[in-house]
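Down below is the structure, laid out as structure tokens.
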Amino acid sequence: MGSCAAVQALAVAWAVAALYPVMFGATPVEALAANWGTRALHPLPGDVTVRLLRDNGFDKVKLFEADPSALRALGHTGIQVMVGLPNELLAPVSSSVAAAEQWVLQNVSSYISKFGVDIRAVAVGNEPFLKSYKGKFEAATLPAVQNVQAALVKAGLARQVHVTVPLNADVYESLDGRPSAGDFRPDISGLMVSLVRFLLDNGGFLTINIYPFLSLQADPNFPVDYAYFPAPGSPPSQASVQDGNVLYTNVFDANYDTLISALEKHGLGAIAVVVGEIGWPTDGDKSANTANAQRFNQGLFDRIIAGKGTPRRPQMPDVYVFALLDEDAKSIDPGSFERHWGVFNYDGSPKYNLRLANGRSIAPARGVRYLSRQWCVLRPDASPADPAVGGAVGYACQYADCTSLGAGSSCGNLDVRSNISYAFNQFFQAANQMKGSCNFNNLSVITTSDPSQGTCRFQIQIDTGRHDLAVASSASAAATSVAAVLLLALLGLVI
């Protein structure tokens, strides 16, 4: 996820709130919102990605940073944009209004005025109050929000562009498991009240990231059915939570309403709350597969399209699905699944069928161009027991994405030869099939026969060089640095 780290608090239940009465019944919608992450060695070109968004009815998108290529591609498209200010910039922006003004000028004002980008929000930080950060960003977050707001006012953009802070669900809790007992985490309660009050007073909104998958992934005893939205007519999960006269049948509703209860306890119930990240990965963990992802996301899409909210807020808020595309250069510190959250594969092809409004299916990306139809594999006459194989595979996976090889993953059942070939090919594709990139100490060979088998897909990467990419940073700073290291490694590739 942007920062998909910490495990979600076990969500719970609630009572119907007077502030959002049942008369606010659900209103069907056809538009969708998505997170567009750019930490990929071969990012899907901006024009192709924007066409993918529009073909599938996404009219809102969230960027984790002001990626130039993505922003330029979004110009004059009618897609509303939330742009992120990364955590590493919180300290400088919090300490200087001038720094905030410069950031807004470069990353908001210029894209609106020069490129016609419909920027509607600035997400200041990303889950800055995570417990695992041990308070690292707590002091800087509210001052950074205040300075960004001041910069937007000075730029004459405060009516169009609103400020928010995406937070992880660990900022609130319920001690007895009922959503109606929700409150902010004691160590940050005062900070949360001050932050939300400022957002409310200045026309901002709150953004919360909710991950039922992480609840399931972190706790082997977590009730599986409770992680998903119940199918129409099906009996509720045995783990459903009774809270007064309301029965919570899934973790999303309970989690979201726990936050609403916390806000109401502090007189902040009028704040709009957007879901900034929610989704299900398809690889890198035993619970991360296409069947589970399809089950979860279809339930989510059905709720969004129907406009069905939660008991405390019956109107579904904006929900940014995480994520649009897989990202093979993301950190895997939280788990190998981090690179596999996309509803679409790296190349914009659907991973599984999803029904959208009016029963139509999601559409694949159009206009994608690939590298040559060839793969790098272990030579037929090479022995998997060759002493050089271990080092070669380790080298390949150091610079390319091998997370699909893990136990329980899509390529976890390959035999030894195919396992080695998969690693070689990942490196070969990541290196743009460059001459010398399939030269693992004479252990490898290039083939034109697709070695894919079963659930394991041997990739052919996107040819990004055939597209007009005005800015080379569309893969983000982190991905670009990985690519640079990879290319430098190739210069002396002798294993």
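Count residues from 1 along the sequence.
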Working for ring pair (Phe, Tyr, Trp, His ring centres under 6.0 Å), residues F129 and Y133 | CA-CA 7 Å; F129 302 156; Y133 288 151; 9.9 Å; no
Closest non-hydrogen atom pair between C376 and N425, with its separation = N-OD1, 3.1 Å
Carboxylate-amine/guanidinium contact D415 R417, below 4.0 Å = no
Examine distances only and state if a side-chain atom of N56 and a backbone atom of F58 form a donor-acceptor pair shorter than 3.5 Å.
-> no
First locate atom CD1 of I305, then atom CG of L32, and finally report the distance between them rounded to the nearest 0.5 Å.
-> 5.5 Å
Any side-chain heavy atom of Y211 sitting closer than 4.5 Å to one from E277?
-> yes
Between S174 and T258, what is the shortest heavy-atom contact and its length?
-> CB-CG2, 4.1 Å
Can we call the ring centroids of Y395 and F427 under 6.0 Å apart?
-> yes
Nearest 0.5 Å please: distance from the CG atom of N107 over to the CG atom of D67.
-> 10.5 Å
pair N87-L90: side-chain heavy atoms closer than 4.5 Å = yes
Please round to the nearest 0.5 Å and tell me the distance separating atom CD1 of I119 and atom CE of M82.
-> 12.0 Å
What one should report as the nearest heavy-atom pair of Y422 and C411 is CE1-SG, 3.6 Å
Would you check if the side chain of S452 reaches a backbone N or O of F458 as a donor-acceptor pair within less than 3.5 Å?
-> yes
Mind running side-chain contact (heavy atoms from CB on, under 4.5 Å) on F296 and N250 for me, showing each step along the way?
-> CA-CA 11 Å; F296 181 83; N250 65 88; over 6 Å; no
Do R303 and K308 pass the side-chain contact (heavy atoms from CB on, under 4.5 Å) test, and can you show the C-alpha distance, the side-chain angles, and the key distance before you say yes or no?
-> CA-CA 5 Å; R303 287 278 299 265; K308 183 179 183 296; 3.7 Å; yes
Hey, does S409 have a side-chain heavy atom less than 4.5 Å from the side chain of T403?
-> no
Close side-chain approach of L324 and F344, heavy atoms under 4.5 Å | yes
Where the side chain of N441 meets the backbone of L443, is there a donor-acceptor pair that is under 3.5 Å apart?
-> no
Side chain of Q433, backbone of L371: donor and acceptor closer than 3.5 Å?
-> no
Classify the side-chain pair D328/Y346 by whether it contains a donor and acceptor separated by less than 3.5 Å.
-> no
Would you find a donor on one side and an acceptor on the other, under 3.5 Å apart, between the side chain of S234 and the backbone of P230?
-> no
Assess the side chains of R457 and S410: does a donor N or O sit below 3.5 Å from an acceptor N or O?
-> no
Going by atom types alone, do Y172 and N255 pair a side-chain donor with an acceptor below 3.5 Å?
-> yes
Using the side-chain contact (heavy atoms from CB on, under 4.5 Å) rule, take V393 and F440 through it: C-alpha gap first, then chi angles, then the decisive distance, then the call.
-> CA-CA 9 Å; V393 169; F440 291 92; over 6 Å; no
Main-chain N/O of C397 paired with Q426 side-chain donor or acceptor, under 3.5 Å | no
Determine whether the side chains of N432 and H42 contain a donor N or O and an acceptor N or O closer than 3.5 Å.
-> yes
Just say parallel, tilted or perpendicular for the rings of F213 and W280, cut-offs at 30° and 60°.
-> perpendicular
Which atom names give the shortest non-hydrogen contact between G204 and H162, and what distance separates them?
-> CA-CB, 4.4 Å
Flag side-chain contact, heavy atom, 4.5 Å: S404 against H340 | yes
How many angstroms lie between atom CZ of F337 and atom CD1 of I332, to the nearest 0.5 angstrom?
-> 10.5 Å
Does S444 reach the main-chain N or O of C438 with its side chain, forming a donor-acceptor pair under 3.5 Å?
-> yes
Indicate the ring-plane relationship of F322 and W341, choosing parallel, tilted or perpendicular according to the 30° and 60° boundaries.
-> perpendicular
Are side-chain heavy atoms of F205 and D318 found at a separation under 4.5 Å?
-> no
Between L167 and I208, which heavy-atom pair has the shortest distance, and what is it?
-> O-CD1, 3.2 Å
Is the side chain of N209 donor-acceptor paired with the backbone N or O of P166 at a distance under 3.5 Å, no angle test?
-> no
Given side chains that start at C-beta, do those of L74 and L63 come closer than 4.5 Å, heavy atoms only?
-> yes
Separation between CG (D326) and CG (L44), nearest 0.5 Å, reads 11.5 Å
Stepwise side-chain contact (heavy atoms from CB on, under 4.5 Å) test for V122 and V83 = CA-CA 5 Å; V122 173; V83 62; 4.2 Å; yes
Charged N to carboxylate O under 4.0 angstrom, D401 versus R339?
-> yes
Are the side chain of Q429 and the backbone of Q461 linked by a donor-acceptor contact shorter than 3.5 Å?
-> yes
Spell out, as yes or no, whether a donor-acceptor pair under 3.5 Å connects the side chain of R51 to the backbone of R366.
-> yes
Rounded distance (nearest 0.5 Å) linking atom CD of E65 with atom CG of N126 = 10.5 Å
Over 12 foreign heavy atoms within 6.0 Å of CG, D302 = yes
Cationic N near anionic O, under 4.0 Å, K351 to D283 = no
Side chains of M192 and I188 in contact at under 4.5 Å (non-hydrogen atoms) = yes
Going by atom types alone, do T207 and T164 pair a side-chain donor with an acceptor below 3.5 Å?
-> yes
Minimum-distance pair of heavy atoms, taken over all atoms of T464 and P43 | CG2-O, 3.4 Å
Can you name the residues that form a ring-ring contact (aromatic ring centres under 6.0 Å, His included) with F184, not counting sequence neighbours?
-> H266
